[in-house]
Number of protein chains: 2
Amino acid sequence: MPRKTYHHGNLKNALIQAGIAILAEEGLGGLSLRKAARRAGVSHAAPYAHFADKQNLIAAIASDGHKKILERFETIRVKYPDNPLRQLAAGAWAYVKFGLQAPDHYRITFSGVIQDEHSHAEFIEYSQRNMQVLREIIAQCRSAGVLDADGVDSELQAVSIWGLLHGLTLLMIQKQLPSQLIKTCPPKDIVLSALQQMARISINKRMLD
Amino acid sequence: MPRKTYHHGNLKNALIQAGIAILAEEGLGGLSLRKAARRAGVSHAAPYAHFADKQNLIAAIASDGHKKILERFETIRVKYPDNPLRQLAAGAWAYVKFGLQAPDHYRITFSGVIQDEHSHAEFIEYSQRNMQVLREIIAQCRSAGVLDADGVDSELQAVSIWGLLHGLTLLMIQKQLPSQLIKTCPPKDIVLSALQQMARISINKRMLD
DNA sequence: ACCTGAACACCGTTCAAGT
DNA sequence: ACCTGAACACCGTTCAAGT
C-alpha cells in the first residue's frame, strides 16, 4: 500500500518507531537505516532529510527509551506520593522491568553512542531528568529517615544504586548470570535482594509493584 | 612486507590480536573481519578458515577479555593470600580498571553476543571461572568474619557485587555519570564508596591496590 | 589444511534531480 | 522542505580454485 501523498507526514517519528520495532524483532544487529526506511515505506535516502546519520537515529531511539523510563517513574511518584521508600523500590523494579521487556531498546538507550552532547540535546535532557528523579527520591528517603545516610554523599549513593540496577539489568538481559541462580531465583527476587544489600532498607517483594 | 610462507603460521591468534587492536584504536564500530584480515596481512576470506563467522571472532576476543580479568584476579590472590577482604577490594578495582583501560574490549567481553553456549565453549569456561573466583573470595570473607553474611544468600551477594561493579564500569566508560560528579570524584573513589555501601566492609582507598 | 579472488547481497552516505 | 534513484565505498559470507 503506497502512500497517498508525496510527503510522508511524520517520517521522522515513523523511522523512530520502525527502529524500535526492528530492535524488538531482530535485535541490535538487525537495525539499519535502510531497513527502517523500508518499513516506513520510503526510499533508503529519505531518512537523511531527518537524521544526519545513523548515529542520530540511534540517539533518537535512545531518547525515547529514557522518556519511557521517565514516564514510569512519574507514574510511580503519583501513585505513592507520600511514600518515598516505596517510590524507590517500585521505581527500581520498573526500571529493571523495562530492560527485561525491551532488552535491545534498553541496551541502545545506554549504549553510549552519544558522543558530542551538542547534537543530541534531547537525549541529554531526558537522561538528566531521570537522574534528577532518582536524586529527589533518595533525598526524600533520607529526610524521611527510611534510608541510611550514614556518612555517604547522596550523589554517590544515587550513582551506586543506579550502577547496581544497570549492571544487574544488563547481566540478566544478556543471560550472563549463573544458570543455576536463574533457575531458582526470579529477576524480582534478585533485584529485591540487591537493593536490600545496597541500601539497607526494609522493603519486601510487594513493595516493588 | 609480505609473508615469506604461504601459510601464516598462527593466523587465528593474529586475527584475535588484530581485533583487539582495532577495538582500542577505532572502537566497536570499527571492528570488521575484513579489517582484521588486512591487519594480519591475509585476504578477506582467510579468516573463515579459523572462524565460522564474525560472531566467532567476537567470541574469541570476549574469551580473551575474560582471560585477562582472570589473570588479574589470580595475581591478586597470590599477592594477598591470607587477606580475603583485600582480595575483594583489590579484585574489584582491578576489574573496573580493566574496563577503563580497554573500554571497547571490556564492552565486547560482556556484550552478550554469545548465543549458543555450545559453539563458544572457551568463553563459557572462562566466564564461569571468573564467577567461581568471586564466589571463593566472598566465601573466604564470610568465614573470616570480615563480610556480613546477614541472612543474605552468598550467591545473591556475589551476583549483586558483580552487578554493581559491571554497572558502574559501563556508566563510567560510556560517560553517563553526572559530569559534576566525574569532575570532583575519581573512579577509584566511586568504586570505593559503592563497595562500602554494598558490602558494609571496612576498607580504605589503599586497599584497592 | 590453509589461503586467494571473484561474486553476491547488504549497508551507510552523498548528490543531482524531481515535487 | 521533503523525497527518489543512481552511485560509491565498505562489509559479511560463499565458493571454486590454487598451494
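Just so it is clear: chains get the letters A, B, ... in the order the sequence lines come, proteins before strands, and each one is counted from 1.
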Q: By side chain to side chain donor-acceptor pair (under 3.5 Å), which residues pair with Tyr126(B), not counting sequence neighbours?
A: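 In terms of side chain to side chain donor-acceptor pair (under 3.5 Å), with neighbours along the sequence ignored, Tyr126(B) is linked to no residue.
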Q: Under 3.5 Å, which donor-acceptor pairs do the side chains of residues 10-23 of chain B form with other protein atoms, sequence neighbours left out?
A:
none

Q: Could you check, using the six-membered ring where one of them is a Trp, whether His66(B) and Phe110(B) have ring centers closer than 6.0 angstrom?
A: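 Yes: the rings meet the under 6.0 Å criterion.
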Q: Output the rounded distance in Å from NZ (Lys12(B)) to C1' (dC3(C)).
A: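 For the pair Lys12(B) NZ and dC3(C) C1', the rounded distance is 17 Å.
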Q: Quick one: Leu15(A) CG to dC3(D) C1', roughly how many Å, whole number?
A: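 The distance from CG of Leu15(A) to C1' of dC3(D) comes to 12 Å, rounded to the nearest Å.
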Q: Parallel, tilted or perpendicular, judged at 30° and 60°: which one describes the rings of Tyr95(B) and Tyr106(B)?
A: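 Geometry flag for Tyr106(B) against Tyr95(B): perpendicular rings.
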Q: According to side chain to side chain donor-acceptor pair (under 3.5 Å), does anything in residues 20-37 of chain B pair up with another residue at least two apart or in another chain? List the pairs.
A: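 Every side chain to side chain donor-acceptor pair (under 3.5 Å) pair that includes a residue of residues 20-37 of chain B, provided the two are not neighbours, is Glu25(B)-Arg39(B), Glu26(B)-Lys35(B).
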Q: How about Lys68(B): does its NZ atom have over 12 heavy atoms from other parts shown lying under 6.0 Å from it?
A: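 Counting neighbours around NZ of Lys68(B), more than 12 heavy atoms of other residues, nucleotides or ligands fall under 6.0 Å, so yes.
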Q: Can you name the residues that form a side chain to side chain donor-acceptor pair (under 3.5 Å) with Ser193(B), not counting sequence neighbours?
A: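 Testing Ser193(B) for side chain to side chain donor-acceptor pair (under 3.5 Å), a comparison that skips the adjacent residues, returns Gln197(B).
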Q: Take the protein atom OH of Tyr48(A) and the nucleotide atom C1' of dA1(D), then report the distance between them rounded to whole Å.
A: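 Spelled out: OH on Tyr48(A) to C1' on dA1(D) is 19 Å.
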Q: Using a 4.0 Å heavy-atom cut-off, write out nucleotides 5-11 of chain C from 5' to 3' as B (base contacted by protein), S (sugar-phosphate only) or - (no contact).
A: BBB---B
Q: For Arg135(A) and Gln132(A), test the side chains for any donor-to-acceptor distance below 3.5 angstrom and give the result as yes or no.
A: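 Yes, a side-chain donor-acceptor pair sits under 3.5 Å.
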Q: Dot-bracket notation for DNA chain D is requested: 5' to 3', Watson-Crick or G-U wobble pairs only, both distances under 3.5 Å, with ( ), [ ], | and . as defined.
A: ||.|||||...|||||.||
Q: Please tell me which of His50(B) and Asp53(A) maps to the more 5' nucleotide of DNA chain C, matching each residue to the nucleotide holding its nearest heavy atom.
A: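 Taking each residue's closest nucleotide, the earlier one in sequence belongs to His50(B).
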Q: Just how far, in rounded Å, is P of dT13(D) from CG of Leu57(B)?
A: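 So the CG-P distance, Leu57(B) to dT13(D), works out to 10 Å.
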